[in-house]
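Working notes for the structure below.
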Amino acid sequence: MQVRQLHPWPTTVAEAESIQDRLRERVELAGPDTFTLVAGLDVHYHGDDRLTAAVVVLDAVSLEPVARAVVHGRVAFPYVPGLFAFRELPALVEALEELSVTPDLLVCDGYGLAHPRGFGLACHLGVLTGLPALGVGKTPFVGSHETPAPERGAWTPIVHDGVTVGRALRTQDGVKPVYVSQGHRISLDTATEQVLRLATRYRLPEPIRQADHLARHPG
DNA sequence: GCGACAG
DNA sequence: ATCTTGTCGC
């Protein structure tokens, strides 16, 4: 698939933050509520600055894999909380461009709206591709939330500066919640519903688990 | 002011 | 993210 180049690559923290502030205005918080091809994206790090990015596309109904791509690269930006996306964005974009099919939902390993400037990795990938995107975080990042009930499907809102920016969602009975937020062209209800539907057996949704597996064991 | 801070 | 043993549970 094709991915647009919407900005020059930042060199400094200030440049990266200004890109986020500018692209944030392009985020759309509504979109389709059914999908046919869902992509999971993840990155595995090795050594000082080497990384492997993987994308796995699943049939949205059967969850059978239909396409995959792996790209080896280097960390593209130092790790700064809030600017995490810039570390792995180029490799993830390359992997998406290698795909033989175009997914209609990106399930990203990280945050979307639940971000200090309201523009996490899931928003960034959504805006660059124009595709619906959502973020799944494994630890709380911004805002505050109550602990959801222990049953699968239970959730509580994540509130930041008085605004709901995501949900803490229990994807299996008795497991730690995951943190769901909108990336682009998706409602919070739909993002929650998709994460729950895609987390068939484990805490994390299948597309992310399979991308994680592929990034760790390429070839 | 200091620490904490997605992965 | 990654560095790592044991341990608990299915």
Side-chain angles (χ1 to χ4, degrees), chain A residues 10 13 16-17 19-21 23-24 27 39-56 70-95 106-128 133-145 150 152 157-161 163-169 171-184 188 191 195 199-205 207-218:
Chain A
V13 165
E17 289 178 343
I19 288 167
Q20 291 182 328
D21 288 338
L23 292 187
R24 180 178 54 207
V27 168
L41 300 86
D42 195 23
V43 169
H44 182 245
Y45 292 84
H46 347 241
D48 265 6
D49 67 341
R50 305 284 297 170
L51 55 76
T52 301
V55 183
V56 173
V70 180
V71 164
H72 300 288
R74 292 181 181 280
V75 167
F77 203 82
Y79 175 67
V80 179
L83 300 179
F84 160 70
F86 291 96
R87 277 173 85 70
E88 38 187 61
L89 213 40
L92 286 172
V93 166
E94 273 187 55
L106 304 182
V107 179
C108 307
D109 182 30
Y111 280 94
L113 266 198
H115 172 275
R117 273 172 304 283
F119 195 78
L121 175 66
C123 299
H124 210 136
L125 281 166
V127 167
L128 291 187
L134 64 85
V136 179
K138 296 185 282 291
T139 60
F141 186 30
V142 294
S144 58
H145 61 89
R152 166 177 159 93
I158 300 170
V159 178
H160 181 54
D161 292 338
V163 179
T164 295
V165 295
R167 286 175 184 166
L169 173 67
T171 53
Q172 303 294 340
D173 291 354
V175 302
K176 285 192 300 182
V178 299
Y179 303 88
V180 178
S181 57
Q182 292 155 278
H184 185 51
L188 186 50
V195 170
T200 51
R201 178 142 164 53
Y202 300 99
R203 177 183 179 228
L204 292 175
I208 288 184
R209 291 190 72 250
Q210 294 188 24
D212 177 273
H213 184 88
L214 182 57
R216 288 175 194 269
H217 313 114

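Just so it is clear: chains get the letters A, B, ... in the order the sequence lines come, proteins before strands, and each one is counted from 1.
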- Residues from residues 118-126 of chain A lying under 4.0 Å of DNA chain B - heavy atoms: G120(A), L121(A)
- Mark this stacking check for Y79(A) against dG7(B) as yes or no, applying ring centres under 5.5 Å and ring planes under 30°. yes
- Message: So is the aromatic ring of F141(A) stacked onto the base of dA6(B), judging by whether the centres are under 5.5 Å apart and the planes are under 30° apart?
- Response: yes
- Sort by first number and list every stem of DNA chain C: at least 3 consecutive Watson-Crick or G-U wobble pairs, both distances under 3.5 Å. none
So, using salt bridge (Lys or Arg N to Asp or Glu O under 4.0 Å) as the criterion, who are the partners of [X] when residues are at least two apart?
X       : value
R74(A)  : D49(A)
E17(A)  : R117(A)
R152(A) : none

To the nearest 0.5 Å, what is the distance between [atom1] ([X]) and [atom2] ([Y])?
X       : Y       : atom1 : atom2 : value
L89(A)  : L128(A) : CG    : CG    : 5.5 Å
L125(A) : D109(A) : CG    : CG    : 11.0 Å
L92(A)  : L51(A)  : CG    : CG    : 8.5 Å
T139(A) : Y111(A) : OG1   : OH    : 5.5 Å
H184(A) : L106(A) : NE2   : CG    : 10.0 Å

- Message: With heavy atoms of chain A within less than 4.0 Å as the criterion, where does contact along DNA chain C begin and end?
- Response: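 Here the contact window of chain A covers dA1(C) to dT2(C).
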In whole Å, I'd like the distance from the [atom1] atom of [X] to the [atom2] atom of [N].
X       : N      : atom1 : atom2 : value
Y111(A) : dC5(B) : OH    : C1'   : 11 Å
E88(A)  : dG7(B) : CD    : P     : 10 Å
Y45(A)  : dA6(B) : OH    : C1'   : 10 Å
I208(A) : dA6(B) : CD1   : C1'   : 12 Å
D42(A)  : dG7(B) : CG    : C1'   : 9 Å
H115(A) : dA6(B) : NE2   : P     : 11 Å
L92(A)  : dA6(B) : CG    : P     : 18 Å

- Task: Check for a donor-acceptor pair, side chain of H124(A) on one end and backbone N or O of F119(A) on the other, with a separation under 3.5 Å.
- Result: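 Not a single qualifying donor-acceptor pair exists.
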In chain order, what residues pass the ring-ring contact (aromatic ring centres under 6.0 Å, His included) check against [X], with sequence neighbours excluded?
X       : value
H160(A) : none
F77(A)  : F86(A)
H72(A)  : none

- Message: Restricting to side chain to side chain donor-acceptor pair (under 3.5 Å), what partner residues turn up for K176(A), sequence neighbours left out?
- Response: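 Once residues adjacent in sequence are excluded, K176(A) has no partner under the side chain to side chain donor-acceptor pair (under 3.5 Å) criterion.
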- Message: Please tell me if T139(A) has a side-chain N or O lying less than 4.0 Å from either OP1 or OP2 of dC5(B).
- Response: no
Can I get a per-line list of side-chain donor-acceptor pairs under 3.5 Å for residues 39-48 of chain A, giving both atom names and the distance, sequence neighbours left out?
from	atom 1	to	atom 2	distance (Å)
Y45(A)	OH	E88(A)	OE1	2.5
H46(A)	NE2	T52(A)	OG1	2.8

Could you tell me whether [X] contacts a base, only the sugar-phosphate backbone, or nothing, with contacts defined as non-hydrogen atoms closer than 4.0 Å?
X       : answer
G135(A) : nothing
H44(A)  : sugar-phosphate
R216(A) : sugar-phosphate

- Dot-bracket for DNA chain B, 5' to 3', Watson-Crick and G-U pairs with both distances under 3.5 Å, [ ] for crossing pairs, | for partner on another strand, reads .......
